[in-house]
Amino acid sequence: MSTSSRSAPRREKARAATIDEIKLTALTHMRETGTVDFRFADIARAMEMTPPALYRYFADRDELLSALIADAYDDLGRAVAEARDAVPDDDIGARFLAVARAYRHWARQEPQQFALILGLPVAGYAAPADGPTTEAAQRAMSQLSSLFLQAIERGVLGPPRLRDVHPVIAECAAQKNQHLATAIPPETFQAMLHTWSTLHGFAALEAYGHFNWIDEAGRDALFDGHVRLAAEVAGMPAPKAP
């Protein structure tokens, strides 16, 4: 093996390590400042680099933001998937609860990443269409929708409480069904959106401190009741008795 061929992998590893360091530095900056925005100069200063040096790794701030957003979605997706898969496959109700709890826990532990992907848009930033952020978001959000699909396939998903569906929502459901092996009725698709928005609403209120006036045990009980209510409204089966 030639010297040049051996040095190439070393350069690639060094580049990958620097990219990881840049992303970690940006995330650390966001955690320390309590914001999801930053300037290239902020990251360069923290790394003792010149701002132009960062352009060898990311074309601009937006490309770095896109990488951070994709990482955050992947991190959320792993967290909820691991929680789901730790529960027996035949207990969809318990898996639903596990996914909800993991979503909440991740939002509490990673408020900056949570804000980055599910909070107010960063000023001046526009995610690339059908790029890595979109793909990562679809992977993460599919962890919840997959439980509805599984419940439909096994015949354990009941009808949702609300069955009147606006034509726009019905059209969205039809478009989504083009990519699914199992058809999702419009009313169930709507129930999935209700479930996600309900879960997200609680997680956001708690992550940003709006439930701090309730102690930990109270918040746990409130959240589990919140999830149980959302599951009942959506037609999800209750967890099996232990």
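Residue numbers start at 1 and run along the sequence shown.
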Show every donor-acceptor pair shorter than 3.5 Å between a side-chain atom in residues 43-51 and any protein atom, with sequence neighbours excluded, or say none if there are none.
residue: Thr50; atom: OG1; partner: Ala53; partner atom: N; Å: 3.4

* salt_bridge(Arg61, Asp42) N-O dist < 4.0 Å -> no
* Asked: Is it true that Lys240 and Asp90 make a salt bridge, defined as a side-chain N closer than 4.0 Å to a carboxylate O?
  -> yes
* Asked: Taking Arg219 for the side chain and Ile214 for the main chain, is one N or O donor matched with an acceptor at less than 3.5 Å?
  -> yes
* Structure fact -> When Ser145, Pro160, Cys172 are each screened for side-chain contact (heavy atoms from CB on, under 4.5 Å) with Phe189, the one that passes is Cys172
* Sidechain-backbone polar pair: Thr33 side chain, His29 backbone, donor-acceptor under 3.5 Å -> yes
* To do: Using modelled atom types only, decide if a donor and an acceptor are shared between the side chain of Arg101 and the backbone of Asp220 within a distance under 3.5 Å.
  => no
* To do: Say whether, by atom type as modelled, one donor and one acceptor occur between the side chain of Gln190 and the main chain of Ala173 under 3.5 angstrom.
  => no
* **Check: Thr198 main-chain N/O paired with His226 side-chain donor or acceptor under 3.5 Å** => yes
* To do: Check the pair Arg78, Glu110 against salt bridge (charged side-chain N to carboxylate O under 4.0 Å, His left out), reporting the backbone distance first and the verdict last.
  => CA-CA 14 Å; Arg78 280 192 297 270; Glu110 297 292 344; over 6 Å; no
* To do: Taking Arg84 for its side chain and Val99 for its backbone only, find out whether a donor-acceptor pair lies under 3.5 Å.
  => no
* To do: Look up atom CZ in Arg161 and atom CD in Glu187, then write down how far apart they are to the nearest 0.5 Å.
  => 14.5 Å
* Structure fact -> CG of Asp20 to OH of Tyr57, rounded to nearest 0.5 Å, is 12.0 Å
* Is the gap between the ring centers of Phe58 and Phe40 under 6.0 Å? -> no
* **ILVMFWY cluster, Val87 and Phe96 together (side-chain gap under 4.5 Å)** => no
* To do: Specify whether Tyr103 and His200 have parallel, tilted or perpendicular ring planes, treating 30° as the upper limit for parallel and 60° as the lower limit for perpendicular.
  => perpendicular
* Structure fact -> Taking every heavy atom of Val165 against every heavy atom of Ala170, the minimum-distance pair comes out as CG1-N, 3.7 Å
* To do: Measure the CZ-CZ distance between Arg15 and Arg56 for me, rounded to the nearest 0.5 Å.
  => 9.0 Å
* Same cluster (ILVMFWY, side-chain, under 4.5 Å), Ile184 and Val233 -> no
* Asked: Which pair of heavy atoms, one from Val36 and one from Ala115, lies closest together, and at what distance?
  -> CG1-CB, 3.8 Å
* Structure fact -> Separation between CE (Met141) and CD (Gln143), nearest 0.5 Å, reads 9.0 Å
* Asked: Same hydrophobic cluster for Tyr73 and Leu24, using side-chain heavy-atom links shorter than 4.5 Å among ILVMFWY?
  -> no
* **Cluster link Leu229 to Leu199, ILVMFWY, side chain under 4.5 Å** => no
